[in-house]
Amino acid sequence: MTGTDSTAGAAGGRPGFPWPVAEHRLANGLRVVVSPDRPAPVAAVNLWYRVGSRHDPAELPGLAHLFEHLMFEGSEQVGRGEHTALLHAAGADGVNASTTLDRTEYHQTVPAGALDLALWLEADRMAGLRWSGDVLRNQVAVVRREHHQQHLGTPYGRWQEFALASVYPGGHPYGHPPIGSVERLAEVDQGTLAAFHGRHYAPDNAVLTVVGAVRPDEVFAKAERYFGGVPAGPASPPEPPARPPEPLPGPVLRRETEERADTDRVYLVHRVPPAPGPDHDALTVLAALLGRGRGALLHRRLVVERPLARAEERAAFAWGLTHGSSLFTVGLTALRGTGGDRLAAAVEPVLDEIAAGRIDPSDLERARAVLHAAWLRSLTPFGSRADELARHAALHGRADGIGDRPARLAAVTAADLARVARTHLGRENRFALVFTGTTKENRG
């Protein structure tokens, strides 16, 4: 077996991640991460590519997401429709993929005896994806239906499109959501597709993670067998230019009429430092303190004490974007009869309260507990555990750093929360998006 080991054997687990982790790099640059766990004879396979919508060509927004679809439509030795059919015939579950602004990942959980099949299929579509004009037209139509179902036909479904275009204007790589522009994708040519696949779908731009009833040495050998012959990309994919997280020229307000809803909805979006980093950790804890569950501060202030908004399970979110800057969002739906402007104005004193350092210690402890419980839940399924390992390998530089996450979040203090709120969540760095429902009484 050729390549280099960054972890000799399986390193013992840490308090935040009690399972062993081993990592190996093939000569072609593919990083392979393995975490053995044998309560069930299955293996989760996750392949991360460092390509997301921020890598889309300026004239073809949505190309990375289109490739997520094309990757299931046939490769060098696998016919159209056979990729998923072969996995399902072998007993696989959760065969799917997703695209974000920063990455695309493909995942499946298979019986341990079918690991070779899953790796061979992933390697085959990495090395030799195939598509015809008919396949391309079909998948563009699939994306068009997805765009309509999840964005155009859903109440408030275009909020990310409006927010990203306003927060990241002027052709910024983060200026559009992964779905992109279906109209432009319909015009893509074969040469552009081949160049995009060759540049981004290469072993030196990927992380392969396997979790389950496996041994690291066996997985490394299998990875060498199936992926070792795939050549590295012509060069490391060039990063779109990063722009520093300068404050918005705000506050910026955009209003949209929402004909599919009878209540207003508000999004307050702030540009913040990227992940990973101490500010992102503090903002993650702050999002839980403000918006996670029925005990969160926004719920108490704006749902219970001053009934203006509907209950939300997640009313605040730190995005975790990695390139130059990220976002922090508050999203709330107004009660019928409460106007969006009034609800947006009611959020501001809650943020000011945090920025002034008026933070109840019990709220901070609750936020830490909520995040820790969510972390433990996310690590129970092998598939999501593999995804978290891939995230840490790709973004933090080492997969076994996953065990540090709970300690990092537990170390966030009230002073940290006040600092990031004061520095990043002020009105001058805010984009407010107000959707107005069609019922006339929603103007109060």
Side-chain angles (χ1 to χ4, degrees), residues 101-102 163-164 166-168 174 242-252 266-293 295-302 312 314-332 344-372 374-375 391 395-396 401 404-433:
L101 279 72
D102 283 322
L164 291 173
S166 298
V167 176
Y168 292 113
Y174 281 149
R243 301 183 188 177
E246 299 174 353
L248 292 170
V252 179
V266 173
Y267 294 94
L268 304 180
V269 185
H270 308 81
R271 199 157 58 201
V272 299
D279 278 14
H280 175 67
D281 290 341
L283 289 163
T284 299
V285 175
L286 179 54
L289 185 148
L290 286 171
R292 289 286 285 269
L297 188 59
L298 285 171
H299 182 90
R300 298 204 311 270
R301 294 284 189 270
L302 303 181
E312 306 264 352
R314 200 165 189 175
F317 184 70
W319 286 45
L321 303 178
T322 65
H323 193 62
S325 66
S326 185
L327 299 175
F328 185 95
T329 301
V330 173
L332 292 165
V347 174
E348 189 160 340
V350 182
L351 299 180
D352 291 343
E353 184 179 332
I354 300 295
R358 297 194 298 274
I359 300 169
D360 190 317
S362 65
D363 283 337
L364 178 54
E365 286 305 312
R366 177 195 167 278
R368 289 170 175 158
V370 165
L371 288 171
H372 189 66
W375 176 245
R391 183 189 316 278
L395 304 185
H396 295 255
D404 300 332
R405 183 182 188 271
R408 292 199 322 268
L409 297 184
V412 171
T413 66
D416 294 325
L417 301 187
R419 174 181 56 80
V420 294
R422 192 165 52 248
T423 304
H424 305 301
L425 305 187
R427 293 182 71 252
E428 71 284 351
N429 186 40
R430 180 176 304 151
F431 167 70
L433 174 61

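These numbers were taken from a predicted model, which means no experiment stands behind them.
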Residue pair [X] / [Y], side-chain heavy-atom distance below 4.5 Å:
{"X": "L371", "Y": "R292", "value": "yes"}
{"X": "L286", "Y": "H424", "value": "no"}
{"X": "L425", "Y": "V420", "value": "no"}
{"X": "L321", "Y": "P274", "value": "no"}
{"X": "F431", "Y": "L164", "value": "no"}

message: Run T284 and R408 through side-chain contact (heavy atoms from CB on, under 4.5 Å) and show every step you take.
response: CA-CA 11 Å; T284 299; R408 292 199 322 268; over 6 Å; no
Identify the two heavy atoms, one from [X] and one from [Y], that lie closest to each other, and give their separation to 0.1 Å.
{"X": "P406", "Y": "H372", "answer": "CB-ND1, 4.0 Å"}
{"X": "H299", "Y": "G293", "answer": "CB-O, 3.9 Å"}
{"X": "V412", "Y": "L417", "answer": "CG1-CD2, 3.7 Å"}
{"X": "A414", "Y": "L364", "answer": "N-CD2, 3.7 Å"}

message: Among V350, L302, D360, I359, which residue satisfies the side-chain contact (heavy atoms from CB on, under 4.5 Å) criterion with L297?
response: V350
message: Determine whether E312 and L332 satisfy the following criterion, side-chain contact (heavy atoms from CB on, under 4.5 Å), listing intermediate values before the conclusion.
response: CA-CA 7 Å; E312 306 264 352; L332 292 165; 4.0 Å; yes
Spacing of [X] atom [atom1] and [Y] atom [atom2] [to the nearest 0.5 Å]:
{"X": "R271", "Y": "R430", "atom1": "CZ", "atom2": "CZ", "value": "14.5 Å"}
{"X": "L268", "Y": "E348", "atom1": "CG", "atom2": "CD", "value": "8.5 Å"}
{"X": "L351", "Y": "H270", "atom1": "CG", "atom2": "NE2", "value": "6.0 Å"}
{"X": "Y267", "Y": "L327", "atom1": "OH", "atom2": "CG", "value": "13.5 Å"}
{"X": "W319", "Y": "F328", "atom1": "CH2", "atom2": "CZ", "value": "12.5 Å"}
{"X": "L298", "Y": "L289", "atom1": "CG", "atom2": "CG", "value": "9.0 Å"}

- request: Please check if the side chain of S326 supplies one atom and the backbone of G320 the other of a donor-acceptor pair under 3.5 Å.
  value: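 Confirmed, S326 side chain pairs with G320 backbone.
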query: Is there a donor-acceptor contact under 3.5 Å from the side chain of R422 to the main chain of A355?
result: yes
message: Walk me through whether D279 and T423 qualify under side-chain contact (heavy atoms from CB on, under 4.5 Å).
response: CA-CA 10 Å; D279 278 14; T423 304; 5.8 Å; no
field: Other residues, nucleotides, ligands: >12 heavy atoms within 6.0 Å of H396 NE2
entry: yes
field: Check against side-chain contact (heavy atoms from CB on, under 4.5 Å), V347 and V266
entry: CA-CA 10 Å; V347 174; V266 173; 5.9 Å; no
message: Looking only at side-chain N and O atoms, does S325 offer a donor or acceptor that is under 3.5 Å from a partner on Y168?
response: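 Present: a donor and an acceptor within the cut-off.
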- request: For the residue pair T413 and D416, confirm or rule out a side-chain donor-acceptor distance under 3.5 Å.
  value: yes
query: Applying salt bridge (charged side-chain N to carboxylate O under 4.0 Å, His left out), which residue pairs with at least one partner in residues 319-328 are found, sequence neighbours left out?
result: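 Output for this query is empty, none listed.
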